[in-house]
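Here the structure is a predicted model, which means the values were calculated and not measured. Within every chain, numbering begins at 1; the chains are lettered A, B, ... in the order of the sequence lines, protein sequences first and strands thereafter.
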Protein chains: 4
Amino acid sequence: MNNRPPARRGRPRSQATRQTILRATNALLEAHGYTALTIEGVAEQAGVSKSTIYRWWASKAELAMEAYAASAAARLPLPDTGDLAADLLAFGEQFCQLLRTTSTPKIMSGLAAAAFDDQALAQAFRHGFISTRRTAMQHILERASERGEIAASTNIEQALDHFYGPIFYRLLFRGAPIDTLFVQQHVQAMLTLLERPAPSS
Amino acid sequence: MNNRPPARRGRPRSQATRQTILRATNALLEAHGYTALTIEGVAEQAGVSKSTIYRWWASKAELAMEAYAASAAARLPLPDTGDLAADLLAFGEQFCQLLRTTSTPKIMSGLAAAAFDDQALAQAFRHGFISTRRTAMQHILERASERGEIAASTNIEQALDHFYGPIFYRLLFRGAPIDTLFVQQHVQAMLTLLERPAPSS
Amino acid sequence: MNNRPPARRGRPRSQATRQTILRATNALLEAHGYTALTIEGVAEQAGVSKSTIYRWWASKAELAMEAYAASAAARLPLPDTGDLAADLLAFGEQFCQLLRTTSTPKIMSGLAAAAFDDQALAQAFRHGFISTRRTAMQHILERASERGEIAASTNIEQALDHFYGPIFYRLLFRGAPIDTLFVQQHVQAMLTLLERPAPSS
Amino acid sequence: MNNRPPARRGRPRSQATRQTILRATNALLEAHGYTALTIEGVAEQAGVSKSTIYRWWASKAELAMEAYAASAAARLPLPDTGDLAADLLAFGEQFCQLLRTTSTPKIMSGLAAAAFDDQALAQAFRHGFISTRRTAMQHILERASERGEIAASTNIEQALDHFYGPIFYRLLFRGAPIDTLFVQQHVQAMLTLLERPAPSS
DNA sequence: GGATAAGCGAGACGGTACGTCACGTCTTCCT
DNA sequence: AGGAAGACGTGACGTACCGTCTCGCTTATCC
C-alpha cells in the first residue's frame, strides 16, 4: 500500500477549507432543507469562493451527500443486548428518533430524487446512506442468527427491506408518525417474519 | 353536493386549455422527468401562456401532481380472483410493472421531496398518489377478510405499510430490481404476516 | 345642423361611467404620476371593466390626455388688468404656481414623450394642452396690442415661444425653480422683447 | 487625481462588453426610440446577458442616458468666430440640425419623463444632457462678454434659458419646425435680449 | 532560490427559469 | 348593444443561481 501522499506539484488542497465547506453545508441543510441549499449560499456561509466548491464537488447533491453522510453515519445506533427483540426495539426506537428530530428525511428525499438524474450520485447515495444503515441492522440479524434466534436460511436482504421500507414509506410518502407505538408494532411484525426457528420435527 | 352550476361571472375557464396543459405536463414528465420539468417548458409545449398556468397551479409540483395523479390512478390494477394470494400476486406484478416501465418513480420521488417544503402539496400528494394506491390494496385485503382468509383483527394499515414500503424503498433508495422474483418473495412475506386465521379448533 | 343625438341602436353609452373613468384617471394621475398610470388601475379605481375603457380610449396616453386636459384648462388664469406688465406678472405667477403645486409637469412630460410614438396623440396633446395655454397668453398680448403697448408688427408666435419655452425648459429639463423671482425676471425679459412701440418721436 | 490602478479584487469588468452594450443601446435608440427600448432587446442585440446589464445600470433610463450622453456630447458644435451674432447663428444652426436629423428629441423627452420618477436619474440627466449644452453656449456668451459685446452684468443663466427653452418647447411640445428661418429669428431675439452695451452717454 | 504549478477568494460573465405585471383581446352573462 | 367580470396569449420585467471564466495572491514542489 502506497499511502504516502502523491506529492503532487502546486499548492496542496486545504483540508481546513474542505471542512469549513462541509460544516457550512450541514448547517444550511439542517436549517433550511435540501431544496433551499445553494452553492452560492454555501460559499457565502463558509467564506469560500464558488470555484473552490466546484473544484471538489460536482453538484450540490454530491456536496450535500458527503456533508451529510458522515454526520448521519456517526449517529447510527449500534445496540447489542444479546437478544434479537431487544436489539430491534432499541435500534428502531433510536433510529426513528433521529428521523423525527433531524432534517434527515427532508435531505434523504431530496437526494433520492436527485439520484434519479445522476447515476454517479445514485451510487454514492446508496453507498453513503443506504448501505451504512443496512449494515448496522445486518449485524443485529447476524448475531441473532449465530445465537440461533433465527434460521440460517433467513433471507437477510428481504428482512432489511421489510425493516426499512415501511419506516421510510411512512415518513416520506404518508407523513405518518414514527412513534414508539409504531416501532413496537413494527418490531413485532419483523419478529413474525424472522422467528422461524425451524419447528424441527 | 355542490351541483349548482357555478354561474360565475366573467369568462369561464377554458377546459380545453386546462386539458392541453395537463397533457403537455404529462408528456414532458414522462419524457424528461420531474427535475427537468419547467413551467416555461409546459407553456411552450402546450402553446399556452405562463400566466394561464400560474393562474391555476401554484407551482410545478402542484401541476405535476394533478397531471400525473389522474393518469396514474387510471392505471391502477384492480384484480379480483377470489383468492388472496392470487390477488396479491396479480396486483404486485402489475403494479411493479408500472413502476418499471413508466417514469412514476422519478416523478413520485420528486414530488415527495417537494412535499417537504409545502404542506398543502404534501396533503395533495398523499391524497392523490398514496391513498389511491392504498385503497386499491385495501379492497383486496377486505375481501380476503370477508372470505375468512385473514383474521378480522388484522391491522390493515400496518399491512399496507408492509406491502408498499419495501417496494418504494427498493425503488427509490436502493435502486434494487422490482422483478417477478421479488414480487413472489414479497407476496410470500405478506402472506406470512397476514395469514393468521388462528387455526384454533 | 342636425344636432340630435344619432340615436344609434343598442344601449347608449353611459355618461356616468365615462365621467367616473375620467375622474379616476385624474385621481391616479395626481397621486402617482403618469408613468404609474395603468388601464387596469383605472378600471379598478373606477369600478369599471377594462373593455369599457378600451371602447372609448385607444391608450393610456389618450385617456390621460382627455382626463387631464379639461381639468388643466379649467385652472388657466385669465387676468385682465388693462396693463401688459401687470397681466404678464399675474398670468406668470398663477401659471407657475399651478406647475409647482400640481402633477402637471410630470403628466405633461409623460404625454410629450408618448406623443413621439403616436401622431394622433401628438395632435391631441398640442390641441388640448399647448394651444389652450397659448391662446390664453395670446389674448393678453392682443389686448396690449390694441392698447398700443406693443407694436402691431410683433411676432406673437415667437413671443409665445419665448414665454412658455423657458418655463418648461426649467421645469422639465433643468429642475430649476419656477418661483416669484424667476417670474419677475422672466416677465422683464418678455417686456424687453415686446416693448418696441417705436417711440417714433 | 486617482491615477492608481484600482487593484480591485475579483475578475475585472470587461470594457469590451461595456462598450458593446452602449453601442447596442445607441443603435436601438436611434432606430426605434426610447419607448421601444428594452433591456432584453439590448441584451440580445449586444449578445450579452441581462444580468450583466443590470449589474451596471439600474434601469433602461440610466443605460440610455449613459449611452446617449456621450454620443450627444461628441456632436456638440463649438463655433468661435469672434463675433457673437455669428457664433449664435452657427451654434443654433448646427444644434438645430442635430435635433432635426437624430432621435435626440425622442430620447430626451423620454429621459425627461423618466427623470420625474427617479431623482438620481434626474441628476444624471441634467448633468449629462443639459449642463453640457449649457456650458457650450456659455462659452460663447463669455467670449462675447470679454469682447465687450454684451454687458458684464448680463444674467447668463437667464440667457441660456431663453436660448434653449424655446427650441425644446417647439420641438417637444409644439411639434413646430426648427428650421433656418426659426434659428435666424431666434438669434435675433437673443441679441435683442443680450445686446445692451450700455449706451454710455 | 527562481520557476512552475495548483489552490484559493473575489467577482464578472452568458445563461435559464423564475414568478409577476400590464397589455389588449376575448368570451360569458347580465341589464 | 353596453357593460362588469375575468380568462387568455403576449412580452418584458427584475431576480436568483447556475457553472464557467478571469484576475491577483498564496503556498507548495521541482530543478
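Of the N and O atoms on the side chains of D:Y68 and D:T25, not one donor lies less than 3.5 Å from an acceptor on the other residue.
When rounded to the nearest whole Å, the span between CD of D:E40 and P of F:dC13 equals 5 Å. Rounded to an integer number of Å, the gap from C:L28 CG to E:dA22 P is 12 Å. The OH atom of D:Y54 sits 18 Å away from the P atom of E:dA12 (whole-angstrom rounding). One atom, CD of B:Q19, and another, C1' of F:dA7, lie 17 Å apart when rounded to the nearest Å. One atom, CZ of D:R55, and another, C1' of E:dA10, lie 13 Å apart when rounded to the nearest Å. As a whole-Å value, the separation of D:R13 CZ from F:dG24 P is 18 Å. Taking atom CH2 of residue B:W57 and atom P of nucleotide E:dC18, one finds them 15 Å apart after rounding to whole Å. F:dT27 atom C1' lies 15 Å from atom CD of A:Q15, rounded to whole Å.
The residue among D:S14 and C:S59 whose nearest nucleotide of DNA chain E is located toward the 5' end is D:S14. Positionally, the nearest nucleotide of DNA chain F for C:T52 lies more toward the 5' end than for the other of A:I39 and C:T52. Between B:G10 and A:K60, the residue anchored closer to the 5' end of DNA chain F is B:G10, taking for each the nucleotide with the nearest heavy atom.
Interface remark: the B:R9 side chain does not form any donor-acceptor pair with the F:dA5 base, using a distance-only criterion of under 3.5 Å. Between the side chain of A:S51 and the base of E:dA10 there is at least one donor-acceptor pair of N/O atoms closer than 3.5 Å. Within 3.5 Å, no donor on the side chain of A:R11 pairs with an acceptor on the base of F:dA28, nor the reverse. A donor-acceptor contact under 3.5 Å links the side chain of D:K50 to the base of F:dG14. Checked by distance alone, A:S49 brings a side-chain donor or acceptor within 3.5 Å of a matching partner on the base of E:dG9.
The backbone N or O of C:Y34 lies less than 3.5 Å from a partner atom in the side chain of C:K60, making a donor-acceptor pair.
Closest approach of A:L121 and A:A115 over heavy atoms only: CD2-N, 3.7 Å. Nearest approach of B:S109 to B:L172, heavy atoms of both residues: CB-CD2, 4.0 Å.
Nucleic acid contact for A:G41: none, since no nucleic acid atom lies under 4.0 Å from a heavy atom of the residue.
Counting heavy atoms from C-beta on, the side chains of A:E66 and A:W56 never come closer than 4.5 Å.
At E:dA12, none of the side-chain N or O atoms of D:W56 fall inside 4.0 Å of OP1 or OP2 (strictly under the cut-off).
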